[in-house]
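Below is one structure, written out as structure tokens; the observations come after it.
Just so it is clear, the structure is predicted and the values come from calculations on it, not from any experiment.
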Amino acid sequence: MMLSPDQAEADLSWTQSDPETMLNGLKSAGCASDEPAEMEDRAKCKAEQPLSREEKRRRRRATAKYRSAHATRERIRVEAFNVAFAELRKLLPTLPPDKKLSKIEILRLAICYISYLNHVLDV
């Protein structure tokens with residue numbers, strides 16, 4: 001960013017938390033004004049401003065490499081989740097033993113089976 005002769009470097013601190021101060025700094029640099037500006041001037045000023053943390057995160061997540069890695073992590077997570085349900089399913093008694101159960105049915109059956117086992121231990 002170009003500094004005007006009457007503007008000190010300290011005035012351009014991007015770590016300032018006061019939005020009013022930041023806006024005044026942009027106006028003095030010619031990036032923000034109440035007058036209508038050309039589209040290319042606005043794009044130029046936008047490019048000079050540092051990206052926010054959220055904008056950096058959004059841009060990083062938009063890359064093909066990131067999406068591919070995220071899809072791989074999600075696939076591994078879902079696979080582990082399904083393996084855990086399959087192992088729990090093996091421990092539950094049902095008739096017929098190979099009956100296909102949904103995940104919610106497996107959880108409800110596990111709750112009932114645990115209650116039954118507690119009851120057997122109490123007697």
Quick one: [atom1] on [X] to [atom2] on [Y], what's the gap to the nearest 0.5 Å?
X	Y	atom1	atom2	value
Ser102	Arg108	OG	CZ	7.5 Å
Arg60	Lys65	CZ	NZ	12.0 Å
Thr94	Glu105	OG1	CD	10.5 Å

Between [X] and [Y], does at least one N-O distance fall below 4.0 Å, as a salt bridge requires?
X	Y	result
Glu79	Arg75	no
Glu87	Lys90	no
Glu55	Arg58	yes

Least distance between heavy atoms, [X] atom then [Y] atom:
X	Y	answer
Leu51	Lys56	O-CE, 3.5 Å
Arg67	Arg61	CG-O, 3.7 Å
Lys99	Leu95	CD-O, 4.3 Å

Looking at Arg73, I'd like to know if its CZ atom is crowded, meaning that more than 12 non-hydrogen atoms belonging to other residues, nucleotides or ligands lie closer than 6.0 Å.
yes
Looking just at side-chain N and O atoms, do Arg57 and Ser52 make a donor-acceptor pair shorter than 3.5 Å?
no
Remaining members of the apolar cluster that contains Phe81, side-chain heavy atoms under 4.5 Å:
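Hydrophobic cluster check, Phe81: joined to Phe85, Leu88, Leu92, Leu101, Ile106, Leu107, Leu109, Tyr113, Tyr116, Leu117, Val120.
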Counting distance only, does the side-chain N/O of Ser68 pair as donor-acceptor with the main-chain N or O of Ala64 below 3.5 Å?
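The answer is no, because no donor-acceptor pair under 3.5 Å joins these two groups.
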